[in-house]
Amino acid sequence: MPVSRISKKSIIQLMKGRVSVDDQTLCVIKFYSNGCHLCHALSTYYKDISDSEKYENVLFFAFNVDDDDEITQKLNLNGVPSITTFKINKGMPAHISNLKDPDNPNNETWFSVKQITDFIDKGLK
């Protein structure tokens, strides 16, 4: 599944459960900034994860906090890069989880692929 850019308005719609889904859906959003070298390095791994057959039913998005950093406050994000899952059930507010900052961050990408995939797998349960 390709990674699509998402707007603040769409994120708020996800948060409120105002989206049309037939069944439970998991959305993953990577928050990044143009000036963040970790964010740029992470983007290749994030795209590879989104292309995995294992996650063919997961929706992957990216949001540039340079466009509007207010949403990061609403989601209690510590900075970028950050990864959040939105588990959506029809007509219900989303269950939102943030991937915690690693104890030993990767010097190049902040998060490791395993940390991200374990986090997504947890959201799928």
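The shown structure was predicted, so the numbers you read here are calculated from the model rather than taken from an experiment.
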* Asked: When clusters are formed by joining ILVMFWY residues with side-chain heavy atoms under 4.5 Å apart, either directly or through shared neighbours, do I96 and V80 land in the same one?
  ->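 Yes.
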* Asked: Same cluster for L14 and M92 if Ile/Leu/Val/Met/Phe/Trp/Tyr side chains link at under 4.5 Å?
  ->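 In one cluster with L14: M92, no.
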When rounded to the nearest 0.5 angstrom, what distance separates [atom1] in [X] from [atom2] in [Y]?
X: S82; Y: L75; atom1: OG; atom2: CG; result: 9.0 Å
X: K87; Y: T25; atom1: NZ; atom2: OG1; result: 11.0 Å
X: I11; Y: E70; atom1: CD1; atom2: CD; result: 11.5 Å
X: T85; Y: L59; atom1: OG1; atom2: CG; result: 12.5 Å
X: I71; Y: I12; atom1: CD1; atom2: CD1; result: 4.5 Å
X: I116; Y: T109; atom1: CD1; atom2: OG1; result: 7.0 Å

* Asked: Taking atom types as modelled and ignoring hydrogens, do the side chains of N78 and D101 form a donor-acceptor contact shorter than 3.5 angstrom?
  ->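 Result is yes, a qualifying pair exists.
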Provide the closest heavy-atom pair for [X] versus [Y] in the form atom of the first, atom of the second, distance.
X: K114; Y: T117; answer: O-OG1, 3.2 Å
X: V3; Y: S50; answer: CG2-OG, 3.4 Å
X: I29; Y: F86; answer: CD1-CE1, 3.4 Å
X: C39; Y: S33; answer: SG-N, 3.7 Å
X: F61; Y: Y46; answer: O-OH, 2.7 Å

* Asked: Okay, side chain of Y32, backbone of L38: is any donor-acceptor separation there less than 3.5 Å?
  ->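 Judged by distance alone, no pair lies under 3.5 Å.
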Hey, does [Y] have a side-chain heavy atom less than 4.5 Å from the side chain of [X]?
X: L124; Y: K54; answer: no
X: V65; Y: L77; answer: no
X: P102; Y: S112; answer: no
X: T84; Y: F63; answer: no
X: W110; Y: P105; answer: yes
X: Y55; Y: D121; answer: yes
X: V28; Y: I49; answer: no

Around atom [atom1] of [X], are there more than 12 heavy atoms of other residues, nucleotides or ligands at under 6.0 Å?
X: N107; atom1: CG; result: no
X: H40; atom1: NE2; result: yes
X: E108; atom1: CD; result: no
X: Y45; atom1: OH; result: no

* N-O pairing of K47 and D51 below 4.0 Å ->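 The answer is yes: the pair qualifies as a salt bridge.
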* Pair N64-R5, side-chain contact (heavy atoms from CB on, under 4.5 Å): steps then yes or no -> CA-CA 8 Å; N64 185 344; R5 292 229 17 215; 3.6 Å; yes
